[in-house]
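Right, one structure below, let's go through it.
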Amino acid sequence: MHANDDYVLKVLEEIGLVSRKQIAQARARLNGAPSVVDVLVREGVVSADDISRSLAAQAQMHWIDLSAVVIPPEIIAQISAADARRFKVIPVTFGESGLVLAISDPLDVDTIDSLNFLLQRDLELVCSSPEKIKQALIKYYGTAEEAADVLRDKIGKDVDLGLEIGDGIDAFAADEADAPIIRLVSMLIIEAHKLGASDIHLEPLDKKFRVRFRIDGVLQEMQAPPKRLQSAIISRLKIMTGSMSIAEKRLPQDGRIQVKIKKKPIDLRVSTVPTNHGESIVMRVLDKSTLLLGLPELGFLSDDQEKFERLLRSPDGILLVTGPTGSGKTSTLYACLNYINKPDRKIITVEEPVEYQMTGINQVQVNTEVGMTFPIALRSILRQAPNIIMIGEIRDLETASIATNASLTGHLVFSTLHTNDAPSAIPRLVDIGVQPFLVASSVRAIMAQRLVRRLCTHCKHPAQLSETEMRALRIEPSQMGDAQIMKADGCEHCRHTGYRGRMGIFEMFIIDDETRHMINKRISTFLLRQRARELGMRTLREDGVRKVLAGLTSADEVISVTIADVS
């Protein structure tokens, strides 16, 4: 690991990082390892960063964490890629004494002398760990092939790279010169799928090309490829869509990539937007296997699932799912359609865009550019004699009126609406312009929902709620009798977050005759909410509390996505 292994071991022993016994045990377990120091690091006795810091202190040299700094291109240009790789050094900045250079081994006098002779300039040396030097060399001087290798190591060397594009085209079939970029982009998509990401964000910043995955609703930064590969990566993704222009960089573009990973079909919805430092790309990862979700997988507890299944058997009326963007409304609607999709029912959907293609269902894509709007599509599909209609979103009076009339003429209509809670959907429809008597006659039920992260099943363990958490969630001591409170510390299965996967929390408002009378009289949202509570509606927070008490999620998650009950 270092030029003077015995000296390193002596330093580590003197400062108390390792004991003489641990050194002897490591020496006995060399088994072909390069050095005793490598064995100590491999077995977790001491970290590479701790060794590097200790040696820097002995050499009276400043230690730097290269992963925590962004080095400008003009600094990187001070040393050629060949010399940086040869001597395993990274230029960091300009200091008072000259160019600041990060080295991995402050004991390697020969390398230091060679650098002084080669560069013929004043140098200010700092120290960093060999691993961080290696990562920085790939980040700032690396090739697409090396960046792909980093991803390959993270995914697993035995992973099947059988990623196919479109109609079975091999992802790696291209000119030899382009192959590294193609491999890098393919590995990026494979890693996102493996980690369960819902979105891939590729963001050109001033001095780096940032890659982030949205996992369980939270953006997490990934290993960034070299900034100079930015244009090539973006061009490759545009080519994969088959419809986006690589020459057009001034206007937003949209496209779609269809791939197969281990024979599993995955759709990527691609969007580009020009920014100050290049085109930003966001890819929505649409895994068709999630269509097989049943109602329990969505997060329904048994009693709520029974109510919801009863609503799905309604012969007509409107069932609304409400919530902000990203709250899982579309997934819930698809799960509903999957549940009621039978050969004796004709189901037609109107969507913008069609996110998932479902067998046995007629799906209509809205295209405003050619005049195929929601209202025009709805008028046409009513002549197709459907039993069940799904409308992606009710957003204007014309769409709302057609949906209402369809529900009153014997159709079961599913749709979504953007409101914070279930009772607010009623005045929202009235505000759009639907007459109250039509709302009262057509709407059967409204369900508001949010998504919370599930505790990782591999690392969760029994725990207790703090007094602060109990006060925030209004949990009474009497509710704790059968509670199974869990918390998770984080492990390799959940990327040390403590969470893996998401589930819904729900607020279900079933309309009865008294409520219809109140809607006709334009009663306020506050009174409608009181009526819903009288009918047994649990609030989002109350449903979240039930899932905290069942050990499915954490108090922090429920508190962060719900507002306190006001009634």
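Atom set for the values below is all heavy atoms of this structure, side chains included, hydrogens, waters and symmetry mates excluded.
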What distance separates [X] [atom1] from [Y] [atom2], expressed to the nearest 0.5 Å?
X	Y	atom1	atom2	value
Leu298	Arg502	CG	CZ	12.0 Å
Leu101	Arg121	CG	CZ	9.5 Å
Ser80	Arg85	OG	CZ	10.5 Å

I'd like to check [X] versus [Y] (side-chain heavy atoms, cut-off strictly below 4.5 Å). Are they in contact?
X	Y	result
Leu549	Ile475	yes
Val270	Ile281	yes
Val545	Arg474	no
Leu125	Met61	yes
Arg256	Thr241	no
Glu203	Phe209	no
Leu12	Ile23	no
Asp199	Phe213	no

Output all residues satisfying ring-ring contact (aromatic ring centres under 6.0 Å, His included) with [X], sequence neighbours left out; order by chain, then residue number.
X	result
Tyr499	none
His496	none
His458	His493

Taking the side chain from [X] and the backbone from [Y], do they hold a donor-acceptor pair closer than 3.5 Å?
X	Y	value
Arg454	Gly501	no
Gln78	Ile75	no
Lys547	Gly299	yes
Lys329	Gly323	yes
Ser327	Pro324	yes
Ser128	Ile64	yes
Thr272	Glu279	no
Gln60	Ala56	no
Glu14	Val11	no

Please lay out, stage by stage, how Leu9 and Val18 fare under the test side chain to side chain contact (heavy atoms under 4.5 Å, CB included). CA-CA 8 Å; Leu9 292 172; Val18 297; 5.5 Å; no

Would you call Glu248-Arg250 a salt bridge at under 4.0 Å N-O? yes

Any ion pair linking Glu131 and Lys88 (charged N to carboxylate O, less than 4.0 Å)?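 Answer for the salt bridge query: no.
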
Please give me the minimum heavy-atom distance between Arg541 and Val558, naming the atom from each residue.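 Scanning both residues completely, I find the closest heavy atoms to be O-CG1, 4.1 Å.
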
If you count the non-hydrogen atoms of other residues, nucleotides and ligands that lie under 6.0 Å from CD in Gln464, is the total more than 12? no

With Met486, the side chain to side chain contact (heavy atoms under 4.5 Å, CB included) member among Cys456, Cys459, Ser554, Pro462: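 Among Cys456, Cys459, Ser554, Pro462, the one meeting side chain to side chain contact (heavy atoms under 4.5 Å, CB included) with Met486 is Pro462.
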
Residues that Arg20 engages under side chain to side chain donor-acceptor pair (under 3.5 Å), provided they are two or more places apart: Glu13

In chain order, what residues pass the side chain to side chain donor-acceptor pair (under 3.5 Å) check against Gln230, with sequence neighbours excluded?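 Lys227.
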
With side chain to side chain contact (heavy atoms under 4.5 Å, CB included) as the test, would you mind laying out the steps for Val548 and Leu465 before giving the verdict? CA-CA 10 Å; Val548 170; Leu465 290 176; 4.2 Å; yes

Name of the residue among Lys208, Arg214, Arg212 meeting salt bridge (Lys or Arg N to Asp or Glu O under 4.0 Å) with Glu221: Lys208

Stepwise side chain to side chain contact (heavy atoms under 4.5 Å, CB included) check, Arg450 with Phe506: CA-CA 7 Å; Arg450 298 289 189 279; Phe506 306 99; over 6 Å; no

Start with the C-alpha distance between Arg500 and Asp216, add both sets of side-chain angles, then the distance that settles salt bridge (Lys or Arg N to Asp or Glu O under 4.0 Å), and finish with yes or no. CA-CA 7 Å; Arg500 186 173 175 86; Asp216 295 336; over 6 Å; no

Consider only side-chain N and O atoms of Thr332 and Gln449, and report whether a donor and an acceptor are under 3.5 Å apart.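 Side-chain D/A pair, Thr332 to Gln449: present.
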
Go through the side-chain N and O atoms of Asp49 and Ser52 and say whether any donor and acceptor fall under 3.5 Å apart. no

Hey, mind stepping through Ile79 and Arg86 against side chain to side chain contact (heavy atoms under 4.5 Å, CB included) and telling me if it holds? CA-CA 11 Å; Ile79 296 182; Arg86 177 185 169 194; over 6 Å; no

For residues 548-558, pull every pair meeting salt bridge (Lys or Arg N to Asp or Glu O under 4.0 Å), keeping only residues two or more places apart or in separate chains. Arg453-Glu557

